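As C-alpha cells, the structure follows; a few thoughts come after it.
All values derive from a computational prediction rather than experimental measurement. Numbers here are sequence positions counted from 1.
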Amino acid sequence: IFYSLAVHCMMSGGFRVCGNFVLFVALIFVASSTWHLQRSGLFGVWKSFQSNSSEFADCTTVYSDAIGSEDAVLLSHDPPVFILSSAPRRTMMEAFTQEGRLYKFNATSKKVSEIPLEGFTGILHPHGIDLFRIPATGEVLLFVVNHQHQGMSEQVVIFEYRDDKLIHRRTVENDKFISLNDVLAIGEDKFYVTNDHGHSRENFMFLITTIIPRLSRASVVYFDGVSSYFAVKPGEIQFPNGIARSKDSSRVFVASAANPGILFSYYFDSTTPGTLLEEKTLVVGTGIDNLDVAEDSSVWAGCHPNAILFLLHAAGVLEHAPSQVLQIEVSNTEDIKVTEKFSSAGELVPASSCAVQTRNLLVVTPVFSDHFALCYR
C-alpha cells in the first residue's frame with residue numbers, strides 16, 4: 001500500500017510533498033492499528049483471567065482424540081450425546097490441510113468415539129456443523145462445512161446419521177462459498193453459511209482483511225438446494241462466525257467476531273429466505289464465536305475474551321488462551337439479557353469456541369486443543 005502511494009505521489013508532487021504525505025498516511029495507519037489492537041486486548045495481555053463458573057461449578061476436563069473440536073451439536077438429550085467437529089485447525093493456512101474426523105461424545109459415560117463415514121471419499125476437514133431432523137420421516141441429517149486443500153473449493157457436506165454411522169448424501173460446492181465458517185440447516189438440502197472473509201485462504205487479501213475486517217466483504221449465503229443468494233450482502237457484516245435459528249424459527253442469529261463482538265438478529269421469512277432483514281444488533285464486548293440455541297430459547301455462545309491471547313495461542317506461542325461462555329436471552333428483543341455462565345484462564349478448556357447446554361450440563365469445546373470441558377450444575 002505504501003509503495004503504491006509513494007510511486008503515485010512522486011509522479012505527481014515531488015519528493016518533499018510525497019514524503020510528507022506518506023508520513024501522514026503512515027501515522028494514520030499506525031494510530032488505526034494501535035486502536036484496533038487495543039480493542040482486541042493488546043493492553044490486557046497481562047490481565048489475570050480468573051476461572052469462574054458459579055452455576056456450572058462442577059467441571060472436569062475430557063481428553064480424547066477429538067483434537068480441535070471447534071463446533072458441537074446436541075444429538076440427544078437423554079442420554080446427553082453430542083457430535084463434535086474435530087480437525088487440526090492450525091493446518092488450515094497450510095497448502096495441504098490435514099484431515100479431521102467427526103466424533104460422538106456420550107456425557108454419561110464420558111466416552112468419545114469416532115463416527116464411521118460411509119460413501120464419502122473426499123478430503124474431510126470439518127468446521128461448523130448443524131443438525132436437521134426431517135419432520136415427516138424423523139431422519140437426522142448432519143450438515144458439515146468442509147475445507148479441502150488450499151486452492152480447492154469450499155464445501156458443505158450433508159450426511160445422514162443412522163445406525164451410529166454418517167452416510168454421505170450430498171456434497172455442495174458453489175461460487176459464493178468463499179471462506180466458510182458455520183452452517184445453519186433449515187431443510188433437507190437448504191441452508192445458510194457464513195463467509196468469514198470475502199477472499200479465499202490462499203489470497204493475500206485474506207491476511208489483510210483479517211487485520212482490517214472492514215475490507216473483508218464477508219457475507220452470509222443462502223442455498224436453496226439449487227441456487228445461492230447473498231442473504232447478507234458482502235461488506236454488510238464483519239467476520240461472521242456462528243449462525244443459528246430461534247426455536248420459533250422467526251429469527252436467525254449471526255455472531256460477528258470482529259471487535260467489539262456483535263450478535264446480529266435477523267428476521268426470518270420462510271417465503272423469502274434468500275434475504276435476511278436486520279432486526280437488532282447487540283454489542284457483547286467479547287470475541288463471540290459459535291452459537292447454540294438451548295431448549296429455553298436462549299442463545300449460548302463460546303467466546304474469546306482477548307483476541308491477542310487467542311492469536312498467540314493459535315500461533316503456538318501460548319499453551320492456553322482464556323475461554324468464556326455467554327447466555328443471551330433474546331425472546332424479548334427489547335429486553336435482551338446477557339449473562340456470563342463460564343470463564344476460564346484456559347486450564348479447563350483453552351480458546352473456547354462452542355458451548356452447548358442441555359438439562360443440567362454444559363459442554364465447552366476448544367478451537368485447537370485435545371480436551372474440552374464438561375460442567376454440571
Side-chain angles (χ1 to χ4, degrees), residues 56 59-77 79-92 97-118 120 123-132 140-147 156-162 164-168 180-185 241-244 289-294 300-304 323 325 342 344 348-359 361-376:
F56 294 90
C59 292
T60 59
T61 297
V62 180
Y63 286 86
S64 74
D65 293 333
I67 183 172
S69 48
E70 194 266 354
D71 202 6
V73 291
L74 181 67
L75 181 62
S76 68
H77 291 284
V81 176
F82 305 80
I83 293 179
L84 309 177
S85 171
S86 164
R89 308 291 170 192
R90 290 185 174 96
T91 69
M92 276 187 60
T97 303
Q98 290 184 26
E99 293 200 53
R101 300 286 186 270
L102 294 159
Y103 289 86
K104 184 173 67 173
F105 169 57
N106 186 314
T108 302
S109 65
K110 296 184 176 60
K111 181 181 178 182
V112 179
S113 55
E114 182 180 343
I115 308 175
L117 305 184
E118 187 174 291
F120 180 78
I123 300 164
L124 183 69
H125 185 106
H127 197 157
I129 57 176
D130 194 30
L131 279 181
F132 181 79
V140 178
L141 304 183
L142 182 70
F143 289 64
V144 181
V145 166
N146 186 35
H147 303 294
V156 172
V157 184
I158 306 174
F159 296 96
E160 180 187 352
Y161 180 82
R162 177 161 38 97
D164 287 331
K165 294 184 294 186
L166 286 169
I167 303 164
H168 180 246
L180 299 187
N181 192 304
D182 199 13
V183 59
L184 166 64
N241 202 317
I243 183 169
D289 202 325
N290 287 318
L291 306 175
D292 186 77
V293 178
W300 289 70
C303 303
H304 310 287
S323 294
V325 172
F342 173 92
S344 168
L348 279 172
V349 53
S352 57
S353 55
C354 179
V356 183
Q357 188 272 325
T358 180
R359 302 296 194 265
L361 60 84
L362 174 69
V363 170
V364 186
T365 63
V367 180
F368 304 105
S369 300
D370 63 353
H371 57 280
F372 55 91
L374 173 62
C375 302
Y376 292 90

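Contacts of E99 classified as salt bridge (Lys or Arg N to Asp or Glu O under 4.0 Å), with partners at least two apart in sequence or in another chain: none. For E118, the side-chain hydrogen bond (donor to acceptor under 3.5 Å, both in side chains) partners two or more places apart in sequence, or in a different chain, are K165. By the ring pair (Phe, Tyr, Trp, His ring centres under 6.0 Å) test, F82 is found to be paired with no residue, residues two or more places apart in sequence or in another chain being considered.
Annotation for S86 and P126: closest pair O-CG, 3.5 Å, computed over non-hydrogen atoms. Nearest heavy atom pair, residue D164 against residue P116, reads O-CD, 3.4 Å. When all heavy atoms are compared, the tightest approach of L74 to V81 is CD1-O, 3.6 Å. Residue V356 comes nearest to A72 through the heavy atom pair CG2-O, 3.6 Å, listed as atom of the first residue, atom of the second, then distance. The two residues I83 and L142 have their closest heavy-atom pair at CG2-CD2, 4.2 Å. Residues P350 and P366 share a closest heavy-atom pair of O-CB, 3.2 Å.
Here C375 contributes atom SG and F342 contributes atom CZ; the two are 5.0 Å apart, rounded to the nearest 0.5 Å. To the nearest 0.5 Å, the span separating CD1 on I115 from CG on L166 amounts to 4.5 Å. Once rounded to the nearest 0.5 Å, the distance linking OH of Y103 with CG of D65 reads 5.0 Å. The distance from atom CD1 of I123 to atom NE2 of H147, rounded to the nearest 0.5 Å, is 12.5 Å. Here the CD1 atom belonging to I167 is positioned 5.0 Å from the CD atom belonging to E160, to the nearest 0.5 angstrom. The structure places OG of S64 at 5.5 Å from CZ of F372, a figure rounded to the nearest 0.5 Å.
Using a distance-only test at 3.5 Å, with no hydrogens or angles considered, no donor-acceptor pair links the side chain of S85 to the main chain of S69. Within the 3.5 Å criterion, the main-chain N or O of V364 finds no donor-acceptor partner in the side chain of S352. Put simply, the side chain of D130 gets close to the backbone of A185: a donor and an acceptor are under 3.5 Å apart. Remark: side-chain polar atoms of N146 are paired, donor with acceptor, to backbone N or O of H125 under 3.5 angstrom.
Inter-residue side-chain proximity for T108 and P80 is flagged as met; some heavy-atom pair is nearer than 4.5 Å. Two residues are said to be in side-chain contact when any heavy atoms from C-beta on lie closer than 4.5 Å; W300 and V293 fail this criterion. Residues R89 and H127 form a side-chain contact, since some pair of their non-hydrogen atoms from C-beta on lies under 4.5 Å apart. The closest side-chain heavy-atom distance from V349 to S369 is not below 4.5 Å.
Aromatic rings of F159 and F143 (six-membered ring for Trp) have centroids beyond the 6.0 Å cut-off, not under it.
Side-chain contact of T61 with H371: a donor-acceptor pair under 3.5 Å is absent, judged by distance alone. Between E70 and N290, the side chains place a donor N or O and an acceptor N or O closer than 3.5 Å (distance only, hydrogens not considered).
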Problem - Intermediate values then yes/no, side-chain contact (heavy atoms from CB on, under 4.5 Å), D71 and D182 - result: CA-CA 9 Å; D71 202 6; D182 199 13; 3.4 Å; yes
Exercise for the section: Begin with the C-alpha distance, continue with both residues' side-chain angles, and end with the deciding distance and a verdict on side-chain contact (heavy atoms from CB on, under 4.5 Å) for V183 and I243. Expected result: CA-CA 7 Å; V183 59; I243 183 169; 5.8 Å; no
Problem - Chi angles and distances behind the side-chain contact (heavy atoms from CB on, under 4.5 Å) call for H168, L117 - result: CA-CA 7 Å; H168 180 246; L117 305 184; over 6 Å; no
Practice task
Check the pair L84 / K104 against side-chain contact (heavy atoms from CB on, under 4.5 Å), numbers first and verdict last.
Solution key: CA-CA 6 Å; L84 309 177; K104 184 173 67 173; over 6 Å; no
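Environment of CG in D370: crowded, with over 12 heavy atoms of neighbouring residues, nucleotides or ligands closer than 6.0 Å.
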